[in-house]
Amino acid sequence: MKYIALLVIVLTGLGGCTEPNKKVVVATAANVQYVMQELKEEFEKESDTEVEMVVSSSGKLTAQIREGAPFDVFVSADTQYPNEIHKNGGSDVAPRVYARGTLVLWTLDSTAIDLSINRLADKSIRKVALANPRTAPYGEAAVQAMEKAGIYEQVKDKLVYGESIAQTSQYIASGAADAGFTAMSVVLSPEMKGKGHWVKVDSSAYQPIEQAAVLLRHSEDSFKAQPSRDFFEFLFSGKAKAIFRKYGYSVE
Amino acid sequence: MDPEPLWLTLRLATLTTLILFVIALPMAYWLAYSRFKGRSVVEAIIGMPLVLPPSVLGFYLLLAFSPSRAFGQWLESTLGLRLVFSFPGLVVASIIYSLPFMIYPLQAGLQSLPASLREASYTLGKSAWTTFFKVLLPNSKSAILTALVLTFAHTVGEFGVVLMIGGNIPGVTKVASVAIYNEVEALNYDAANQYALVLFVVTFLILSIIYTINNRLLRVRHPA
């Protein structure tokens, strides 16, 4: 019995109450995770603040933030979710657009040199992956692009929906889907670089994917206020912009 | 609320339960009565879905079913079947996922029957086949019911595996649990609530009915 009690204490972490160090928890939309890794390293280099990433889809993160998740900054894949949080009092500062995303069409089949949206109607392509257009901006953009190309009706029955851009990319990268739409930041990431074949989707074929970040109220009355604000500002710095560009985002 | 995901869940759970029952019966019989080398290994494999996170199962199934890998390629070239992102794929995945929930109760039920039952049947000249269907099974009604219900309920509650290999296609792989997840993600809590409430009530009713029947069966066998 004594040992059980001891075990419980150790496992619940009551045993080791460590000093709180400066740490910012960043809720990160799936498409931003690779670039965020680099931003995090850069920020940690120039300040003595630790950055912790929580990666998920923007919709899920928003639901969690609304229910009081302990995040300090939310880096979303769109502007709608951060606005929603701001409107509901989850943040006192209006969200700011940090970058614009680029949609790409990607396939694992490296022989598909003439990959294009119109090819998706081909019989050889049986499954096309995209992020859920109801919740993910890249999915919405993909639908717009297919509609613009006039092939949406033909491709509709081939569509499979990832719950986030991460799952969509996984469907494509594992070859489970023959082709699919994802963010350029994914195909440029160190993990995926050189895998298969991808092309940019004509940016006039879809509405700009504006991605906004928001400083969350959670950070405000804690000792994390300053580092959180610093990180938020860092997202709009010249250094950060250069990193965003490297991953295929466009920034002003 | 769109009733399609609920209907799909019902179809998936019913099909999985029926197919699994047919597969599990001989396996349970074999496990209950034969002693052989490597038995622990077989039992461990059957029990794996019980402890493995659904994400592990889903991940491996996604790779296995993918047409760019050996098994998926073989399925497609010989049977013309693509299991990833399809309803048959979900059925296959559910059968694997719910396997222990069907086999364990059946095996335990058969093992709990007194050996004299079988021996009496054999001495009366009945074959193993007749003994199984005419003597053993009718005396295992409670175990059969438990196995069927657990399998059905477990398949209704399946989420992680479906999310990994389903692709969220309306009317094909978008089952109720995934629909709830979608609605929460879209911040559409009302719709999520409606689906959740239906699932909640339906599963509660099924379990209540089954326990009532089961208690009655037990009372018949062991009258107070």
Side-chain angles (χ1 to χ4, degrees), chain A residues 29-30 56-67 77-78 80-81 83-85 87-88 90 107-112 124-136 139-140 156-164 166-168 170-180 195-196, chain B residues 2 5 54-55 58-77 80-87 89-90 93 159-175 177-193 196:
Chain A
S56 191
S57 66
S58 301
K60 214 170 319 135
L61 291 168
T62 301
Q64 288 168 354
I65 290 164
R66 276 182 24 162
E67 303 310 326
D78 70 346
Q80 212 177 320
Y81 283 120
N83 282 334
E84 177 84 26
I85 288 170
K87 216 170 59 199
N88 278 300
T107 174
L108 203 61
D109 180 8
S110 39
T111 59
S124 62
I125 291 180
R126 289 176 57 178
K127 291 289 175 201
V128 177
L130 73 166
N132 186 346
R134 266 184 74 201
T135 51
E140 207 184 337
K156 213 172 135 195
D157 290 336
K158 303 179 179 182
L159 298 180
V160 295
Y161 304 95
E163 50 119 8
S164 70
Q167 196 189 30
T168 310
Q170 179 211 342
Y171 282 161
I172 307 167
S174 66
D178 305 291
K195 263 195 161 186
Chain B
D2 175 15
S55 48
F59 175 59
Y60 282 137
L61 287 174
L62 180 70
L63 293 188
F65 291 171
S66 165
S68 67
R69 309 212 173 226
F71 180 66
Q73 219 159 42
W74 175 82
L75 274 179
E76 195 155 327
S77 56
L81 205 63
R82 192 183 272 203
L83 288 179
V84 74
F85 311 130
S86 72
F87 187 73
L90 290 195
F159 171 70
V161 176
V162 178
L163 192 72
M164 294 283 274
I165 66 162
N168 207 353
I169 306 168
V172 181
T173 58
K174 188 179 167 185
V175 297
S177 58
V178 174
I180 293 173
Y181 181 76
N182 278 331
E183 298 299 346
V184 172
E185 185 129 330
L187 304 181
N188 199 352
Y189 287 9
D190 287 344
N193 249 327

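Lettering of chains follows the sequences in order, A, B, ..., and the numbering in each one begins at 1. These values consider heavy atoms only, across backbone and side chains, with no hydrogens, waters or symmetry-generated copies.
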Check: Crowded around B:F87 CZ? As in, over 12 foreign heavy atoms under 6.0 Å?
Finding: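 Buried by this count: over 12 neighbours within 6.0 Å.
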Check: Is the CZ atom of B:F59 crowded by more than 12 outside heavy atoms at less than 6.0 Å?
Finding: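 Open.
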Counting only non-hydrogen atoms closer than 4.5 Å, does [X] touch chain B with its backbone (N, CA, C, O), its side chain (CB onward), both, or neither?
X	answer
A:L159	backbone
A:A177	both
A:Q167	side chain

Heavy-atom pair of closest approach, residues [X] and [Y]:
X	Y	answer
A:Y161	B:P170	CE1-CD, 3.9 Å
A:S174	B:L62	OG-CD2, 4.0 Å
A:L108	B:S68	CD2-OG, 4.4 Å
A:A63	B:Y189	CB-OH, 3.5 Å
A:Y171	B:G167	OH-N, 3.3 Å

Notebook entry, point to check: Side chain, backbone, both or neither: which part of B:F85 has an atom under 4.5 Å from a heavy atom of chain A?
Noted result: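 Contact with chain A: backbone and side chain both.
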Check: Relative to chain A, which segment of B:Q73 carries a heavy atom at a distance below 4.5 Å: side chain, backbone, both, or neither?
Finding: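 Contact with chain A: none, neither part.
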Next item on the list: Give every residue pair that meets the side chain to side chain donor-acceptor pair (under 3.5 Å) criterion with at least one member in residues 164-175 of chain B, sequence neighbours excluded.
Entry: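 Non-adjacent pairs meeting side chain to side chain donor-acceptor pair (under 3.5 Å): B:N168-B:N182.
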Next item on the list: To the nearest 0.5 angstrom, please state how far the NZ atom of A:K158 sits from the CD1 atom of B:I169.
Entry: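 A:K158 atom NZ to B:I169 atom CD1 measures 13.0 Å (nearest 0.5 Å).
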Next item on the list: Mind checking the NZ-OG spacing from A:K127 to B:S66? Nearest 0.5 Å is all I need.
Entry: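 Reported value, rounded in 0.5 Å steps: 13.0 Å.
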Next item on the list: Would you mind reporting whether B:E185 and A:N132 have side-chain heavy atoms less than 4.5 Å apart?
Entry: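 No - every pair of side-chain heavy atoms lies 4.5 Å or more apart.
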Next item on the list: For A:E84, enumerate each residue passing the salt bridge (charged side-chain N to carboxylate O under 4.0 Å, His left out) test, keeping only those at least two apart in sequence or located in another chain.
Entry: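 Partners of A:E84 under the salt bridge (charged side-chain N to carboxylate O under 4.0 Å, His left out) test: A:R66.
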